[in-house]
Each structure stands twice: as structure tokens, then as C-alpha cells.
Amino acid sequence: MLVLQAIIDGILVGGFYALMAGGLTLVFGVMEIVNFAQGIMVVLGAYLSYALFTHLSIDPFLSLVITMPGMFLIGIAVYWSMIRPIKQDRVIMSLLVMFAVGTIAEGILDLVFTSNLVQISTPYVNNSFTVGSLIFPDIYVYAFLMSVVLLAGVYYLLYRTRFGRSLRASMQNPTAARLVGINTDWVSAYTLGIGVAMAAAGGMVFGLTNSFDAASSYDLISRLLAIVIFGGFGSLSGALIASVLMLVIQDVVAVVWSPTWGQTTFYVILILILLVRPQGLLGRKAVRAQ
Amino acid sequence: MLALAAAACGSSPSSSGTSHGPITIGVSVSLSGDFSGDGLATKQGYETWAAFQNAHGGILGRKIQMDFLSDGSSPTQVVTNYQKLITVNHVNFVLGPYSTLLTKPSSVIANRYGYVMIEAIGGGPSVFQQGLHNVFDVSASAKYQLITFAKWLVATHKPEDVAYASMTDPFLQPMLDGARAYLSAHGFTSVVYKLYPLETTDYTPIASVIAASKAPVVVLGTMPPDGYAFIQDFIQDRYSPKVLIEASGPDQGTAFVKAVGANNTGGIMVPNTWFPGSTYYQNSAMVSLYIKMFGGTANNISADVAEAFSAGQVLTQAVDHIKSTSNSALEHYLHSGAMFQSVQGPVKFLPDGENSAATPFVFQWQHGTLEDVLPAGVGHPVPILAVKPAWGAGG
Amino acid sequence: MSILQVSDVRKSYGGIQALAGCTMTFEEGAINGLIGPNGSGKTTLFNVISGYETADAGQVTLRGKDITNARADQVFALGLGRTFQITRIFPRLTVLENLHVATQRRGFAAQLRSWKSAAERSRAMEVLEFVGLTPLAEEPAGGLSYGQQKLLEFAFITVARPSVMLLDEPAGGVNPTLLRGLADRIRALNKEGITFVIVEHDMEFVMGLCDRVLVMHQGCALTAGAPEEVRANPDVLEAYLGSDMREAG
Amino acid sequence: MTAIDVTPTGAAAPEHIPYEPPRQIRWTGTGLLLVFLAVFPLLFPNPAVTSIAVITMIFLVAAIGWNIFSGYSGYISIGHAAYYGIGQYTVALLAMHAKVPAGWDTFGLLPVAGLVCAVAAVPIGYVVLRVRRHTFIILTVAVMFILQLLAFNLVSWTNGSGGLEMSFPTWQGSYFNEPFYYVGLVAAVVACAASWWVRRSKYGLGLLSIRDDEDRARGLGINAARTKLIAYAISAFFVGVAGGLYAPFIGSVYPQFGFDPTFDLAVAVLVFVGGIGTLSGPVIGALLLIPLQQYFYLQFGNANLYLIAYGVLFILILRLLPAGIAPSVTQLWRRVLVARRRAAARSRAVPALAVQSSAVQSSAVQSPAAGPPEAPPATAAVPQAGGDEVAR
């Protein structure tokens, strides 16, 4: 029963990790950019929702209407000012640039919000309902549903719209996409915007379920990267499956053995799987390093 | 590198070995990184102390001037910082940084330059195992932090099941292990014992294991974030233990209330060395000055503030007694078995630097305030709620 | 006498069969031409032989030694070198360094030695002279023109002296003047006993250079023979033009 | 330009302009730097300064070591903290169990720490080196985290979160840092020598060819797996030595500071800023950035501005010198040289020009900047393979 409960917890929490990791994997898939600042973007999203909630009493879920477009614009701005000027060695250079962006953002957040831990505490965070003897905390269920809706939205955007077509074209062959008249710069900018907006939504849930400060971003980013690699770079469904798997593995190990071994187990499984499938669970076959 | 060297040398103030000018006191504080939250409170505590003391004539008739450097929670930086404070800034005294992790390397540095390190927030056992004679911890050390609670439990309850969980931390884990050893020796069964790493963000599985054990007593070695999260998870799991004590979290005043909800706080205990309403030495003055300087309310004040403040208090009393700024005289005097007073209560040092006079208190949330409940007979404790009210049953 | 033999090699990607039981023999000391329409499996065959891809079935032997699915470096060590259709050189190394890469020495002591020694250098310069890249010896190879890169790749295969060289479209992108030089150099090396297998679309180049031409079609060997015979073979024309003619008709 | 037929014949060949400063300049520079580093503690004996110098040396050794693998092979490892940690624990455990007295004797453990790391790197490298690029990066991080968690969990060995203490030498504060500094300097010189050897050995050339095109290199007889593994082990050795020096300097070892996730980031940043895959890059990066970073901490740490200052500075460096300092400086130097020669050639060519002016003008339509035939554009550091070519 405990194990079953742990599995359910893992799936529910995995849902909103998928949201944060989805933004990362999308950005990588389109632009080969490792958004190392995704962790701090999540924290920024959490702070924005926190500020709107404490100062204007706007419900965190509702606050997304403001924070997501805001963060979308931030993403676009970061693309034009930081990523576009990179001329060569994009993968590594973008990683370094985004690392620097993250550092600056951390410094600013520290200044604005100080380094005291905060948490968004709405009255309903403590509510839960039961099915049989299984417990479903409301907040995780809401968050999970929201994540599924948002991920489905992004999925729709990718596979059912004109923008999605250009985006996928840029993903598969940027040169060819440029030749058929797709403005890959704008596609990339929008993508980073979407990725960062997803971080805003994930951050809101993170802020509801954890106390956080700017330094929380470090633990987040290492996890998100692991999820993205595990699921396969560029694969949304891979990110979802990998997040859920990661959380389920950790939670089950924590229950049946010890929390300290939860992460070890996950990393060992990660290594084993990557040795068999270097492209990750659902990733496209890795481009041969040439 | 040259620029730095020049700057480092240039920035040395008028080498204040003389008895004129202010007494300078150097501290490295963690304003960023893992300890940034507590680091800021620590800094405020030291600032409050300096302001208070300066309003009361300073030390030896000289003004106190604090010299803070930031260490980003990194031992590498803390080592550089204390060397700079001592050898470039030529501070008269140093006080301790935040956390056991950083106190250890810093006390080695202080020792190397013949400085005494009075500290308040580095009570992990490993600090005292280094064989240093210059470290003095004014707070209760880790393994004794929960002892008042454990003694009360043994005295008032039949042996029962106890669930333990702690972050793997050089301060928290020894604290939990100390309580567990004492309780197990007195017939209490340890039904859950889980350790989790610092970077854990999802505590639900640990909470559900504890909930499933239905243990009536829960002892948690937490920092504030996991301290909040466990309570939230317990409420969601509809599991309300009779006795719940957390190492840290409930002591965070309004931040705690905000995080778990006002009507869920009732009965939750926290060991502490200080509380806002304490009647110990200079406490009310400290509280009002802190509020004047940094705003907020008394309940908002972190224990880190009081801990830092007490380190300053002990320094004041010792230096006023030896009437010199000599660190060796200070070390000698602190080892003499003299008794000092602080906002956390009396202080008397063992040879290894632990405070033998420290009586860790137990505080309990009752009707929306954090009350001093244990030990009975010291100060004016409020009667303890032996059984925690159910969740949502008000404060 | 055959030096390189491919028997019944199969390779498919998903549903597409690139090699469908390909069997062919390459004569020692000959300049073998390997032709066939696009997608007939020439490059896949090269990849399988040289250890870049594994065959699903079949066998490859070099001098009677089984090299099926050996690693690329092992195949090279046995004396088989190749070039790529799209040149693959080391762009960040200088032209000279590119040459030195190919002359890896076996043994620990040789590995420790600097490649800047006089003997190494003069040997490499000799080959550079041969392909006319001497003045660019110290330039990073990435800065060379495409034709020059083709020559460089040819040069660093040459410098290692393999007994069999597989050239994948050596003439592609090389201007006519250079092409003549290249053909001369291949002939010169061939005289020294090196066997060549050349994939090429430039029919004039192939027919003028090769002693023997093998034709591939749909992953199988179609026919083989002297250039004139192959040119006269109607099956070859059908293979090349088949689809076009049908479309036209 | 139709590049293909630019086959320079002997006569028209441009005068060769080397890509590196001449040997005398390089050796003199190295010599001066060494002398400066050797006398540095004598010039600035203040412990706060020498303390920064020791940390700089530790990172210098680590950066050179990291570059031997990641720089030369192109495989970016973000998990070398694994060896930093193993080095620290090795020294602390050996000192404890073998009762090595604190002081100079402890330094004798450094090669041992390095060797332990190199040995540990073989099985680890065997596993992680089977994959490439991003997957490789994450695998290295995963291994590092596994080791960190082991350090937390294998309490009987490591004392878990309580960490290990090292007894400290009784040297006085005024010259305490100097032994660490000089041992670090020696280690850095040894690391540099190793890096130099790798750079110019036959073996190292194989490594560099793997960086440029691993599959092509395999087709030229290079056993890529073994070549990478050896470099990985050498690199682990030096990072282990750096860790072994850090442990007694700080006096304690903790899982999270030994297996520090930010360590590799710090090292990678140094090497990238200095110039990855070059001999001097890690040296320049470490000597410049570590003191600068510590300086920022000391100056702006209180105002909490140092993160912002450091981030902005970092972006500026990346923007202005994308290839890193060392290659950018070499490029600049070369550009100056080219310009100067061109100027000289022009002044010599003035009379001739007058005669040939018509011919020059007609060709000038195509290439306005007509001058002596120019060598490929100075993108020496990171040229893209045939990037500027149309021929494809």
C-alpha cells in the first residue's frame, strides 16, 4: 500500500516536473541550446506568483495568466540579447551564456526578495481527498491536471499549427527551414519564450509545494537536465515519462529502503539505460558526432 | 592578481592595535548559497548586538565596528575571508560564521593566528573533535539540543513507538541521534528512521512512511523548508501524531505560521535556545532594538539572531573583564570556568569549548504563539500540551 | 588474385535494404571502379568494409582474413584506408598535423614521441608536395577550400601507406586540372602496388582510370569487367536509366 | 571566389605567417611568468593574498588536468568533481589511518591521491566514454552525484555528513600558506608539462583528431576508446592531486564540498575563458579568474552584487573573446603581423603598381581589399569545417 501511495505521489509530482523539463527539452530540440538558466527561471516564476499572491491576493493558479506571458517576453528578450549573437559552438557557448544569465538572475532575485525562504501558502495547500486508503493531496492533483493541460497545449501547438510546423522544421533541419522561408530566429525566440513560460507555470507549483529562495535553482537544474537526457533531448513525451519515472523511483526507494539512496538509484538506472539507448528513452537517434 | 594584492594591502585600515579608535570585529557571513537565509539573520544578530553595545558605551569605552565579509556558503571563501579579516583588516576579534560546516575551517584559521573564535551556530560534534582550544560555542551543542525533550518524554509517557527522520547534516543528524539514543535506552521503540539528503525537495514518501507507521511520537531533524513540508504532508495524509517535535522550522515565527496555516500550529514543539519573550539577560532590549532596526514583529525574529547576539554578549563580558584586546588573555579567561550571561541563558565553557550551562528549551505552539514549555522550573514556562491537538483545531 | 572479398553482405535500415546479399571480389594491384546509380548501396558497402557500420549478415575478408564487423581502427591497422564522399578532415588541426594523425605508430614508446621530429616531418612534407599543398602546411585545415580538403584527405590516407585504398567520389568538386593530377597520382601509387577501389560518378574519370569496373544495383553486384565491357552492357544502362525511361514513357 | 583552383604555386605562395608567436617570445613569457609565480609570496606575503594564491594554484592544477581530457578530446566533462572528491577523501583517510603526521609529510600523499583517482577513472571512464556529447555530460554528472551520495551514505568510511577532519600543521599563520602554494605551483608545473607533452606527442595528436572528428580518426587507425580513456585517467590524476591539496589546506572534508557540483562549472568556465584545448588557456583562465572572483566576493559580497558583477563580466568576456583569451590574443597578434607585412609590401610595390594599375583595378572589382594573396581568414581557433565554402 505504501509503495502504491509512493507511486501515486511520484506520478503526481512528476507531472509538474515534466512541465519544467518540457520547457528545457523543447528549447534544446529546436535550437540545440542548453538553457542552463531554466532552474532560476522556475524560481523566478515562483517569486512572481508569490509576489502577486502576497501583495495583490491573486490566486497562484490565476496568476499564471500574468506570469506566463511575462516570462514569455523575458524568454524572447533573452534570446535576442544573449543567444542570437552567438556565432559558433552553439551548444557549449549557450550553456555558458545561460549559466551567466542564471547567475545574474540569481543575484537580482537575491537583492529583490532577500535570501529568506518563502512559500506561497494558499489555504487549500493542506487539503486532500482519499480514494480507498490512498491519499490524493488536492494541490498535487490540481498541479498535475494543469501540467497535463499545458503540456497538451504545447503538444497541440507543435503538431497541429502552422507555427508548430515551422518549429519542427527548424528542429529537424535549420538550413532547409531557412531556405523555405521560415524565420528561424523568430521561431527560436518564440520557443525560448514558451520554454520559459512553462518554467513559470512549473515554478508556481514549486512555490506552492516547497519553500524556496534563489539558491533552490541549483538542485532544480541538475534534476531537470537529468530528466531531459533520460527522456531524450527534444522529446516532450519523453520528458513526461522520465519525470514520472524519476519521481516514482525516488519515492519508492525512499519508502522501501532509504531516501538517501533514492537519487543514487535513479542515477544508476539513468546510466544503465543510457548505455543501452544513448539517445534517451524517446529521443531521436542522436546525430553522429562529426 | 597584482591589483587584488594591492587592493588587499591598501584596504587595511589604520592598524588598530592601539587602544584608540573603535574595536573591530570580523565575521564571515553567508549571504548567498545554501545558507543565505540563516546567514542574513546571523548578520542581523551581530549588527543588533553591535548597535546595542555601542548605545551602552561599547567595549572598554571604545565603539564596536563590525567588519563583515560574505562567503557564499563556501568553505574555500570562508578560509580566505577570515585570513583577510585577521591579517589585512587587522580586526581585534572574530566571531563565528553560520553552520557547523563553515565553523570548522574558520576556527582552524582563527587558531592559526592566535584568535579566539566565539561562535553560536556551529555546534556539530565535529567542531569540538578538532582538539582546538580557541573555539567556544555559546549555544547548546548538537547532541544535547533535544535532551530536555527526551527527558520530558521519558518522564511523562509510557514507552511508545517513535518515528525519526533527519536531513544528513553535521548538526541535525547528531541532534536526532542524541535523542534517539536516550529514548531507545529508556524503552522507546524506533519504528522509522529515515535520513534524507539536503537536496531533497519531495518529502511526501518519507512523510507517508511515517504516517503509515502510526507512531504517536515523531522526532524530525529538519531545516525550515523540510520542517514546513513535513507538516503539510502529514496534514494531507491526515496523520496527526500525539507528539511532534522538529529541530527547526517551527521556530521561524510568522514564516512558519504562514507556511503551515495558523490553525495547524497547535502543539508542535521545537527545541530552542531562545525565544522572543525570554527574560534572560538583555533579551527584551535586543528584541526591541531588532524590531527598530529591521522591522517586523518579535515573533518574526529568527533564533539565529539571538544566537549571534549571545556570541557578542559573551565577548563583551569577557573583554570587559580582562580589560584588554588580547586574544590570548581572552582564551585563558574563557577557559577559566567563569560564568557568562546571554539572551539564551547562562554560559560556561567545557575544555573542548562546549557550553556546559546551556539548557536547551522546548517551545510549543499554543494559541498562535510559540511558548516556552520546558524545562519546568527555569524561567516562567507555560504548561505543556502533552497531546498535540488535531490538525485544524486551532492554535 | 583477390585481396578484398565481400560475400553475401546484407544491411538494412528499418525497412530499407541497402545491401541485399552483395557479393564481390576486388583484385589485388588493380584500380577497381565501383559504380551504380544513386542509392545502389556503394557507400553502405564502403562503410561495412571499413568498419563504420556493422553488417546484418555476410562476410568481408581482407587477404583471406575475416574482417567482418571489425572496428574501423582495426581495419585500418590491417592496411585498408578510405576517404569519404563528403570530405572528413580535422578542421582545427593544421594541414601537416592532419597528415601526422594518419601515421599513428604502434607501441608505447612511439606514442610518447613528439610528432614534430625531423624524420616524421620530411615524410609528411613529401606527401604534401605530392598533392601540391606544401605552402599551406601550417594552415588550419578547416580554412582550405573544398577541393583542397579532398586532396588533403587523399594525402593523409596516402601517407599511411595502406595496401588497399577505398576512395569515395575522389573527383567530386575537384576542378579538371587537378583531376588529371589526381588520376596520375592514383596510377603512380598503383604502380607501387596499392590496390584501389573507387566509387565515382564521373564516368569519364572512372573509365579512363580503372582496370576493372564493378556495377552495383539495388544493393547487389550487377556485373563486373573491363571498362569497355561494362560500358557496352545493356543491363548497366537499364540500371542507370531504368527509372527515368519508365517515367518518360 | 571560386576557391578550388587556388593552388598556390611556389612563386605566388604567401609568406608564411605562423599561428603561434615565435618560440623565443613563448619561452621568455613562460620563464617570466614562472619567476613571477615563484617570487609572488615574497612580494605579497600577506596571508589573505597568499590564501587566494593557494586556491588559485589548486584550481590551476585542476583546470590544466581537466583540459587534458575535455579540452583536447572535446568531451566536456562536468563530473570531474568526482576526482576532486576522491582526491580529498584519499588524502584525509590515508592521513588518518596511516597516521601521516600533518605538515610536509601530507604532501607526500598527493601522488597517491592522484594515482587512486587515475585508477578509479579507468572503470568509470570505460562506462561513461561509451556515449557522446550531451549524454556524456550528464553521465559524468550522474557519476559525480553517485559518489557524493556514497560519501554521505558509507558512514563507516566517510563519517557521512559529519565529514572528516585533517590534523593541521603547526606552521605559523604568517607562512602557513606558502608550503601549500609552492607544492601547488610544483603540481601545476608538472601538470603543464604533462599537458605540453600530450599536446605535442603522437598520442595527443590522436586525441585532438578525436576532438575534430572521432569517426574519421578511427578510420585512420586510432583506437578511440583507449585514447580517450588514457586522457581521462591522466586528467583524473591531476584533478585528484588538486583535491588532495585542498583537503589539508581547508582542514576538513565534506561530501558536498568534495563532490561539489559547482566545481566543474567553475573549472570549465576558467578553461573556456582562457581558451579551451590550448596549452596556455587553462593557465591564463585560472590566474585571471580565480583571483578576480575572490576579489568580487570580498568587494561586493556584502552588497550581494558580486553574482551580478561576475555574471556580467562573464558575458562580456564570452561576447568579446568568444574563442577564449589565449586564441584571441594569438589571432590579434597575427592580424597585426599580417597588416604590418601588407603595409610593407604595399610600400615596396608602389612603383610596380603604377605600371600594373589597370590589371589591379580589374581584379579589384572582385576583391576590393586586394592585397597579397591572403591566407584563410583568421578563424584559427574554431573554424567551421569548410564553413565559408560554396563548393558544396
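All chains are named by letter (A, B, ...) in the order of the sequence lines, taking the proteins before the strands, and each is independently numbered beginning at 1.
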Exercise. Count the heavy atoms of every other residue, nucleotide or ligand shown that sit under 6.0 Å from CD1 of C:Ile16, and state whether that count exceeds 12.
Key: no

Quiz item: Distance from D:Asp212 atom CG to C:Asn98 atom CG, nearest 0.5 Å?
Solution: 7.5 Å

Practice problem: Taking all non-hydrogen atoms of both residues into account, name the closest pair between C:Ile89 and D:Asp213 and its distance. | Solution: O-CB, 4.2 Å

Quiz prompt | Side chain to side chain, C:Gln74 and D:Asn223, heavy atoms closer than 4.5 Å | solution = no

Quiz item: So, do C:Ile157 and D:Leu220 sit near enough that their side-chain heavy atoms are less than 4.5 Å apart?
Solution: yes

Quiz item: Could you state the interatomic distance from CZ (D:Arg218) to CZ (C:Arg71), rounded to the nearest 0.5 Å?
Solution: 8.5 Å

Quiz prompt | Non-neighbouring partners of D:Lys228 that pass salt bridge (charged side-chain N to carboxylate O under 4.0 Å, His left out), sequence neighbours left out | solution = D:Glu214

Quiz item: Is there a donor-acceptor contact under 3.5 Å from the side chain of D:Lys202 to the main chain of C:Val101?
Solution: no

Exercise. Taking all heavy atoms of D:Arg216 and all of C:Arg88, pick out the closest pair and write down the distance.
Key: CD-O, 2.8 Å

Quiz item: Between CZ of C:Phe90 and CG of D:Leu208, what distance do you get to the nearest 0.5 Å?
Solution: 10.0 Å

